[in-house]
Number of protein chains: 2
Amino acid sequence: MSNSLATSHCLSPPLAKLERRGRFSSEARKAFLAMPYQRQAIETRTDIVREGERTRGCSFIESGTVSRSKLLPSGGRQIVSFHIAGDLVDLQSALLIVADHTLRTHEPSFVVKVSERAILKVAEDFPEIGRSFWFDTMVDASIFREWSLNLGRRSARERTGHLLLELGYKSEAAGLSPRSEYRLPMTQLDLADALGLTVVHVCRSLKWLREMGLLHLDRTRVVIPDWDALAHFAQFQPLYLHPEGPRALAS
Amino acid sequence: MSNSLATSHCLSPPLAKLERRGRFSSEARKAFLAMPYQRQAIETRTDIVREGERTRGCSFIESGTVSRSKLLPSGGRQIVSFHIAGDLVDLQSALLIVADHTLRTHEPSFVVKVSERAILKVAEDFPEIGRSFWFDTMVDASIFREWSLNLGRRSARERTGHLLLELGYKSEAAGLSPRSEYRLPMTQLDLADALGLTVVHVCRSLKWLREMGLLHLDRTRVVIPDWDALAHFAQFQPLYLHPEGPRALAS
DNA sequence: CGAAGTTTTGAGGACCTTCAAAAGTTGTGG
DNA sequence: CCACAACTTTTGAAGGTCCTCAAAACTTCG
């Protein structure tokens, strides 16, 4: 748990993500990077934020993989999203007082924590940053809507394919890998919890996708040999990720 | 389609919703109500915004009921949320350039449309309003997460009960009715599209809930005779609606 | 009053789950 | 570096939830 100070390149991944959608002024950039933070190395399968607890600061992912999940009293778990390097995975803690879901790592990760106050201040002082945060929350919401569609209206095989396409797409957008070949640190049980299925059926769905030539799996490596074929099968259209970025401001 | 001008009480329902979570300064309130708008009467089952189209202005609900839904190329439809009087149902159009879902009325409704520019300006000029918008988007996102849990991990009966509890809760919070007795303008087909089920199975689920004494249905009227019993059965906990409101600003 | 839409019921079938166990992989300590 | 334990993936068999197809009863609206 090292402390702030000095050249804060730990905040670069989230800044880069925000700036993919539109450049900031250099003052805004400077103010963003000047936020005090704490950097933490988190090991695999460790909770960063727990459902029901009061929020304390906003966590960004510098590197690694994190999921958001919700628990049912009866024991069921639903993963509602996966996040990778650069994701502002915990922006909601800036305004929401109590966490409605759990954040947990799926591989050794580095997490950068900034106080809510600093987030809210930089959002207020630099409206371009405030809008960028708001836009990020909107895209998040859009992704949740797509997951509802996935869970409610797609078959297990389509659902599985769709998730793997989304992960590839986001990985490429974050500059981590080509979209059709990436590392997948999640177990099939994790995938099952994200897909609203059982491990057994995820395994069978993956097997079917492999047999159809739509997918190659090698340990933790996903290869999508024909992106368009799988995208067609799973009805994947990246519109919901809003790659077009936010509305440009007219004068 | 009457025009702006004069005392704008059409914007009162959305303003009231925002102020439930924390009062605005009188200048902020005045600026909010001073936004130019268009008021439209929309008949039942009419699209306000269509998936894939460019966004043009933000719609608020003055009165009525509206759903958000996404379509599958294969014809499936998934409703991802329902909205009632006061809901800022279309805030995302302020920043998202192309709509990722459709907004449609479920009863005759009055909708108030404000330009994105006016929204962004009032959010910038009054940070308290900007934060309030952002908070609203966050709560929206939280509700989508809960729907993912609902679709992925609850049985048809639990799912159905959970939705009816959410609608009652929101209806009471909006000051429209007691939570355990409200009007439901949606058909069972609509509920099916929201629950990821078929009409047939929604009908059977409702029948079962009725037989268990957890629910009374009288035409368009829902009565929940024992709120706690149904809430226990459906594992409904309103935490995800964040009734506690946004973080109060220190200093 | 007739037409269109909505709700309800029945019967059969499909998709996904549950339970169980084997095979394969990863991590740890001796 | 091997041995062993814990975990993960895979396969099989049986069963249940939810779907499909079909049609009747009921409601709404012009």
Side-chain angles (χ1 to χ4, degrees), chain A residues 43-46 72 74-79 104 106-108 150-164 183-211 215-222 233-234, chain B residues 43-46 72 74-79 104-108 150-164 183-212 215-222 233-234:
Chain A
E43 56 188 13
T44 304
R45 294 179 213 211
T46 307
L72 237 35
S74 52
R77 183 173 72 133
Q78 178 67 43
I79 291 180
R104 152 173 275 211
H106 287 259
E107 62 180 334
N150 215 23
L151 290 164
R153 287 294 181 226
R154 278 193 261 253
S155 72
R157 290 161 181 176
E158 293 168 337
R159 227 182 285 180
T160 307
H162 195 279
L163 174 59
L164 294 177
R183 213 170 43 76
L184 186 79
M186 291 75 101
T187 67
Q188 290 185 12
L189 180 57
D190 295 325
L191 296 180
D193 283 339
L195 294 167
L197 299 168
T198 57
V199 209
V200 174
H201 206 63
V202 166
C203 182
R204 289 196 230 270
S205 298
L206 289 171
K207 183 185 177 189
W208 187 88
L209 290 170
R210 263 185 275 124
E211 286 172 353
L215 195 65
H216 293 229
L217 283 175
D218 166 32
R219 317 258 165 166
T220 74
R221 191 138 210 89
V222 173
F233 169 73
Chain B
E43 55 188 13
T44 304
R45 293 178 214 215
T46 307
L72 237 37
S74 53
R77 184 173 70 133
Q78 178 66 44
I79 291 179
R104 153 172 274 212
T105 53
H106 287 259
E107 62 179 334
N150 216 22
L151 291 164
R153 287 294 180 223
R154 277 193 261 253
S155 72
R157 291 162 180 175
E158 292 168 337
R159 227 182 285 181
T160 307
H162 195 278
L163 174 58
L164 294 176
R183 214 168 43 76
L184 185 79
M186 291 74 100
T187 67
Q188 290 186 11
L189 181 56
D190 295 324
L191 296 180
D193 283 340
L195 295 167
L197 300 169
T198 58
V199 209
V200 173
H201 206 64
V202 167
C203 183
R204 289 195 231 269
S205 298
L206 289 171
K207 184 186 178 189
W208 186 88
L209 289 171
R210 262 186 275 123
E211 286 172 353
M212 294 300 286
L215 194 66
H216 293 229
L217 283 175
D218 167 33
R219 319 260 162 159
T220 73
R221 192 137 209 91
V222 173
F233 169 72

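Below, chains carry the letters A, B, ... as their sequence lines are ordered, and counting in each starts from 1.
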Atom-pair distance ([atom1] on [X]; [atom2] on [N]), nearest Å:
X	N	atom1	atom2	value
L197(A)	dT17(D)	CG	C1'	14 Å
W208(B)	dG16(D)	CH2	P	17 Å
R159(A)	dC16(C)	CZ	P	6 Å
D193(B)	dC19(D)	CG	P	11 Å
R153(B)	dT17(D)	CZ	P	16 Å
L151(B)	dC16(C)	CG	P	15 Å
L195(A)	dC15(C)	CG	P	18 Å
R204(B)	dC21(D)	CZ	P	14 Å

Does atom CD of E43(A) have more than 12 heavy-atom neighbours, drawn from other residues, nucleotides or ligands, at distances under 6.0 Å?
no

List the protein contact pattern of nucleotides 25-30 of chain D with one symbol per nucleotide (5' to 3'): B for base contact, S for sugar-phosphate-only contact, - for none; contact means a heavy-atom distance under 4.0 Å.
--SS--

Is the shortest side-chain N/O distance from T198(B) to OP1 or OP2 of dC19(D) below 4.0 Å?
yes

Does a side-chain heavy-atom distance below 4.5 Å link F233(A) with L209(A)?
yes

Between M186(B) and L163(B), is there a side-chain heavy-atom distance shorter than 4.5 Å?
no

Measure from the side-chain N and O atoms of [X] to the backbone N and O of [Y], and report whether any donor-acceptor pair falls under 3.5 Å.
X	Y	value
R159(B)	R154(B)	yes
D193(A)	D190(A)	no
T46(B)	T44(B)	yes
R153(A)	R77(B)	yes

Heavy-atom pair with the smallest gap, counting every atom of S205(A) and A156(A):
OG-CB, 3.7 Å

Nearest heavy-atom contact between Q188(B) and V202(B) is O-CG1, 4.1 Å

Would you tabulate the pairs of protein nitrogen or oxygen atoms and nucleotide nitrogen or oxygen atoms of nucleotides 4-10 of chain D closer than 3.5 angstrom?
unit_1	atom_1	unit_2	atom_2	d
dT8(D)	OP1	R45(A)	NH1	2.6
dT8(D)	OP1	R45(A)	NH2	2.6
dT9(D)	OP2	Q188(A)	N	2.7
dT10(D)	OP2	Q188(A)	NE2	2.7

